[in-house]
Asks: 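First the structure, which I've put down as structure tokens, then a few questions once you've had a look.
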Amino acid sequence: MTNQLNPLAISRDAVRAIYERPLLDLVYEAAGVHRAHHDHHEMQMCTLLSIKTGGCQEDCKYCSQSIHNNAALDKELLLKTDKVLEDARKAKEAGSTRFCMGAAWPRVTDGRGFDRVLEMVKGVSDMGMEACCTLGMLTEDQARRLKEAGLTAYNHNLDTSEEFYDKIITTRTYKDRLETIENVAKAGISLCCGGILGMGESKEDRIGLLHRLANLNPQPESVPINMLVPVEGTPLEDQKRLDVFEWIRTIAVARILMPKAMVRLSAGRLEISREAQAMAFMAGANAIFTGEKLLTTPNPDMNEDNDLLKELGLKPRAPHKEQDREAA
Ligand code: SAM
Ligand code: DTB
Ligand code: SF4
């Protein structure tokens, strides 16, 4: 069961003790864990595409796509499969090895829309790329069908601590999130699960999020760490920026607690300096989203990212590396 504590459960006090270490000690330890479990010269490059944009009924206070918010947004119905596969091909040519398709759906509903998404997943997977989706809540049967179509990973975030959750979202519960996570695990799909920092949560909330993530059983294969992008027209548009060292601290703790996971720098990189990103890579972050856009907000320029990786001596990671290693 995914939402039960795993047998190696780590206590919240233990997570807090790690989180509160002197920052440089923490980064030093995280760097060691990173090097013990990964090739620390490798960076996984992923590309995101919003396959259905806006009009979502959930009331997530950070999100440009919620009907409860007033963000200026070009809404878009579910894209055609050909267009999505064309974008995936371009992402592959640009060096991306994982293609993640996001839909502003609160949940997946069976029917023509979902059938089309299954077609997209199959197409991306047939191209030799890792296919990832984030489509909202999912039943066990829908997860199974995605797996059969070739899905590598499903993104479904816990976003923050259980205590802070209802300050951010009221139309669904933490338990709803955990149920989908469990359905993903039952289907044998890798879980991509992380959160957002800088929404006005306390340090204790960040500790609570890390504690829940580390105790998921199995642990997530990928942990996206989003820094809030304050979107105009959302309730969080004027949110004060989180100190970037708290972001680095969170990344380091995630790396120590989830040694095998890919720790993914997600939203918010545009506003984070090269130096801070380099420190995050030192602290164990080993995946980024590349390309000019995330789902609806801008992302660093591809050339700037390539320059940064080159400067730091990092190289792109091959697709399906884990499976290849297990099969060898
Ligand atoms: N609707 C699906 C869901 O909520 O699971 C999938 C798409 S949703 C946009 C995926 C994730 O993007 C959210 O869980 C959240 O962590 C992140 N996100 C959305 N808007 C963001 C923002 N303005 N700043 C930072 N992260 C954001
Ligand atoms: C995740 O945790 N971050 C990505 C991915 N999963 C789907 C999405 C970030 C979205 C940022 C806001 C936007 O572009 O709309
Ligand atoms: Fe909908 Fe996902 Fe945005 Fe929440 S985060 S409003 S569920 S698209």
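In what follows, residues are counted from 1 in the order of the sequence shown. Counting convention: from 1, in listed order, for ligands and their atoms alike.
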Asks: Can a donor-acceptor pair be found, under 3.5 Å and without considering hydrogens, that links the side chain of Ser125 to the backbone of Leu151?
Replies: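 No; zero donor-acceptor contacts below 3.5 Å.
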
Asks: Give the residue and atom name of whichever protein heavy atom lies nearest to atom 25 (C) of ligand 1, and the separation in Å to one decimal.
Replies: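 Answer for atom 25 (C) of ligand 1: Ala267 CB, 3.5 Å.
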
Asks: Has ligand 1 got any nitrogen or oxygen that is less than 3.5 angstrom from a nitrogen or oxygen of Val229?
Replies: yes

Asks: Quick one: does Asn157's side chain have a donor or acceptor within less than 3.5 Å of a partner on Gly195's backbone?
Replies: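 The answer is no, because no donor-acceptor pair under 3.5 Å joins these two groups.
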
Asks: Run the numbers for me: atoms of ligand 3, each under 4.0 Å from some heavy atom of Glu58, listed by number.
Replies: 4 (Fe), 6 (S), 7 (S)

Asks: Ignoring hydrogens and geometry, is there a side-chain-to-backbone donor-acceptor pair from Asn226 to Ile196 under 3.5 Å?
Replies: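 Absent.
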
Asks: With backbone taken as N, CA, C and O and side chain as the heavy atoms from C-beta onward, which portion of Met227 lies under 4.0 Å from ligand 1: side chain, backbone, both, or neither?
Replies: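 Backbone only.
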
Asks: If I take atom CD1 from residue Ile168 and atom CG from residue Leu236, how far apart are they, to the nearest 0.5 angstrom?
Replies: 5.0 Å

Asks: Short list, please: which atoms of ligand 1 are under 4.0 Å from a heavy atom of Trp105?
Replies: 1 (N)

Asks: Determine whether more than 12 heavy atoms belonging to other residues, nucleotides or ligands lie under 6.0 Å from atom CE of Met282.
Replies: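 No, CE of Met282 has 12 or fewer neighbouring heavy atoms, counting only those of other groups under 6.0 Å.
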
Asks: Counting from 1, what ligand 2 atoms have a heavy atom of Asn157 closer than 4.0 Å?
Replies: 1 (C), 2 (O)

Asks: Could you tell me whether the side chain of Arg249 and the main chain of Tyr19 form a donor-acceptor pair under 3.5 Å?
Replies: yes

Asks: Quick check on contacts: which atoms of ligand 2 are under 4.0 angstrom from a heavy atom of Thr134?
Replies: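 So the atoms of ligand 2 that pass are 7 (C).
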
Asks: Return the closest protein heavy atom for atom 7 (S) of ligand 3 as residue, atom name and distance.
Replies: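 Going by distance alone, atom 7 (S) of ligand 3 is nearest to Arg172 NH1, 3.1 Å.
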
Asks: Around atom 3 (N) of ligand 2, find the nearest protein heavy atom and jot down its residue, atom name and distance.
Replies: Asn226 OD1, 2.9 Å

Asks: Looking at every non-hydrogen atom in both residues, tell me the closest pair between Met101 and Leu135 and how far apart they are.
Replies: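 Taking Met101 first and Leu135 second, the nearest heavy atoms are O-CD2, 4.2 Å.
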
Asks: Apply the test salt bridge (Lys or Arg N to Asp or Glu O under 4.0 Å) to residues Arg12 and Glu163: give CA-CA distance (whole Å), side-chain angles for both, the deciding distance (0.1 Å), then the verdict.
Replies: CA-CA 13 Å; Arg12 189 152 167 166; Glu163 301 82 54; 3.2 Å; yes

Asks: Does ligand 1 have a heavy atom under 4.0 Å from the side chain of Arg177, from its backbone, from both, or from neither?
Replies: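 For Arg177, the contact with ligand 1 is made by the side chain alone.
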
Asks: Would Lys203 and Glu20 pass as an ion pair if we require N to O under 4.0 Å?
Replies: yes

Asks: Suppose we measure from atom 10 (C) of ligand 1 to each protein heavy atom; which comes out shortest, and what is that distance?
Replies: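 Its nearest protein heavy-atom neighbour is Asn155 OD1, 4.1 Å.
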
Asks: Please could you name the atoms of ligand 2 that Pro224 approaches to less than 4.0 Å, counting only its heavy atoms?
Replies: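 Those atoms are 2 (O).
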
Asks: Test your reading of the structure: does Tyr62 have an N or O sitting under 3.5 Å from an N or O of ligand 1?
Replies: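 Looking only at distances, the answer is yes, because the N/O contact criterion of under 3.5 Å is met.
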
Asks: Which residue holds the protein heavy atom closest to atom 4 (Fe) of ligand 3, what is that atom called, and what is the gap in Å?
Replies: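 The answer is Cys60 SG, 2.3 Å.
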
Asks: Considering all heavy atoms of both residues, which atom of Thr134 and which atom of Cys100 are nearest to each other, and what is their separation?
Replies: CG2-SG, 4.4 Å

Asks: Work out which heavy atom in Leu85 is nearest to a heavy atom in Met120; give both atom names and the distance.
Replies: CD2-O, 3.7 Å

Asks: Identify the residue among Gln57, His68, Glu58 that makes a side chain to side chain donor-acceptor pair (under 3.5 Å) with Thr171.
Replies: Glu58

Asks: What's the shortest heavy-atom distance between Leu73 and Gly54, and which atoms?
Replies: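 Nearest pair, atom of Leu73 first, then Gly54: CD2-CA, 3.6 Å.
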
Asks: How many angstroms lie between CD1 in Ile169 and CG in Asp176, if you round to the nearest 0.5 Å?
Replies: 10.5 Å

Asks: Short list, please: which atoms of ligand 1 are under 4.0 Å from a heavy atom of Leu228?
Replies: 24 (N), 25 (C)

Asks: Indicate yes or no for a side-chain donor-acceptor contact from Asp205 to the backbone of Ser161 under 3.5 Å, with no hydrogens or angles considered.
Replies: no

Asks: If the cut-off is 4.0 Å to any non-hydrogen atom of Ala267, which atoms of ligand 2 fall inside it?
Replies: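 Result: 11 (C).
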
Asks: Looking at atom 27 (C) of ligand 1, what's its closest protein heavy atom, distance included?
Replies: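 Protein heavy atom with the smallest distance to atom 27 (C) of ligand 1: Ile196 CD1, 3.8 Å.
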
Asks: Nearest to atom 1 (Fe) of ligand 3, what protein heavy atom do you find, and at what distance?
Replies: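 I find the closest protein heavy atom is Cys56 SG, 2.3 Å.
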
Asks: For Val231 and Tyr62, which heavy atoms make the closest approach, and how far apart are they?
Replies: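 For Val231 and Tyr62, the tightest heavy-atom pair comes out as CG2-O, 4.3 Å.
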
Asks: For atom 12 (O) of ligand 1, state whether the nearest protein heavy atom is under 4.0 Å away.
Replies: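 For atom 12 (O) of ligand 1 the answer is no, since every protein heavy atom stays at 4.0 Å or beyond.
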
Asks: Considering both backbone and side-chain atoms of Thr296, is one of its nitrogen or oxygen atoms within less than 3.5 Å of a nitrogen or oxygen in ligand 2?
Replies: yes

Asks: Do Ile189 and Asn183 have side-chain heavy atoms sitting under 4.5 Å apart?
Replies: no

Asks: Of the protein's non-hydrogen atoms, which lies at the shortest distance from atom 8 (S) of ligand 3, and what is that distance?
Replies: Ala104 CA, 3.7 Å

Asks: Suppose we measure from atom 16 (O) of ligand 1 to each protein heavy atom; which comes out shortest, and what is that distance?
Replies: Asp159 OD1, 2.8 Å

Asks: Roughly how far apart are Leu138 CG and Glu179 CD, rounded to 0.5 Å?
Replies: 11.5 Å

Asks: If you measure from each non-hydrogen atom of Leu236 to ligand 1, which part falls under 4.0 Å: side chain, backbone, both or neither?
Replies: neither

Asks: Look at atom 12 (C) of ligand 2 and say which protein heavy atom is nearest, naming residue and atom and giving the distance to 0.1 Å.
Replies: Thr297 OG1, 3.6 Å

Asks: Which option, Asn299, Asn155, Leu73, owns the non-hydrogen atom nearest atom 6 (N) of ligand 2?
Replies: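 Minimum heavy-atom distance to atom 6 (N) of ligand 2 goes to Asn155.
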
Asks: If you measure from each heavy atom of Gly102 to ligand 1, is any distance below 4.0 Å?
Replies: no

Asks: Considering Asn226, Asn157, Leu48, Leu135 one by one, which has a heavy atom nearer to atom 14 (O) of ligand 1 than any of the others?
Replies: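 It is Asn157 whose heavy atom sits nearest to atom 14 (O) of ligand 1.
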
Asks: Strictly under 4.0 Å, does any heavy atom of Ala103 approach an atom of ligand 1?
Replies: yes

Asks: When you measure from the side chain of His211 to the backbone of Ile10, do you find a donor-acceptor pair of N or O atoms at a distance under 3.5 Å?
Replies: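 Such a contact is found between His211 side chain and Ile10 backbone.
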
Asks: Just to confirm my output: which protein heavy-atom neighbour is closest to atom 4 (C) of ligand 2, and how far is it?
Replies: Leu48 CD1, 3.8 Å

Asks: How does Pro230 reach ligand 1, by side chain, by backbone, by both or by neither, if only non-hydrogen atoms under 4.0 Å count?
Replies: neither

Asks: Judged by atom type as modelled, is there a donor-acceptor pair below 3.5 Å linking the side chain of Gln44 to the main-chain atoms of Met262?
Replies: no

Asks: With a 4.0 Å heavy-atom cut-off (strictly under), which part of Thr134 contacts ligand 1: side chain, backbone, both or neither?
Replies: both

Asks: For Leu295, counting its heavy atoms only, list the atoms of ligand 2 lying under 4.0 Å from any of them.
Replies: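 The atoms of ligand 2 under 4.0 Å from a heavy atom of Leu295 are 8 (C), 13 (C), 14 (O), 15 (O).
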
Asks: Starting from atom 2 (C) of ligand 1, what is the nearest protein heavy atom, named by residue and atom, and what distance separates them?
Replies: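 Checked against all protein heavy atoms, atom 2 (C) of ligand 1 sits closest to Gly136 N, 3.7 Å.
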
Asks: Please state whether the separation between atom 4 (Fe) of ligand 3 and some N/O/S atom of Cys63 is under 2.8 Å?
Replies: no

Asks: How far is atom 9 (C) of ligand 1 from the closest protein heavy atom, and which atom is that?
Replies: Leu295 CD1, 3.5 Å

Asks: Taking non-hydrogen atoms only, is Thr234 closer than 4.0 angstrom to ligand 1 via side chain, backbone, both or neither?
Replies: neither

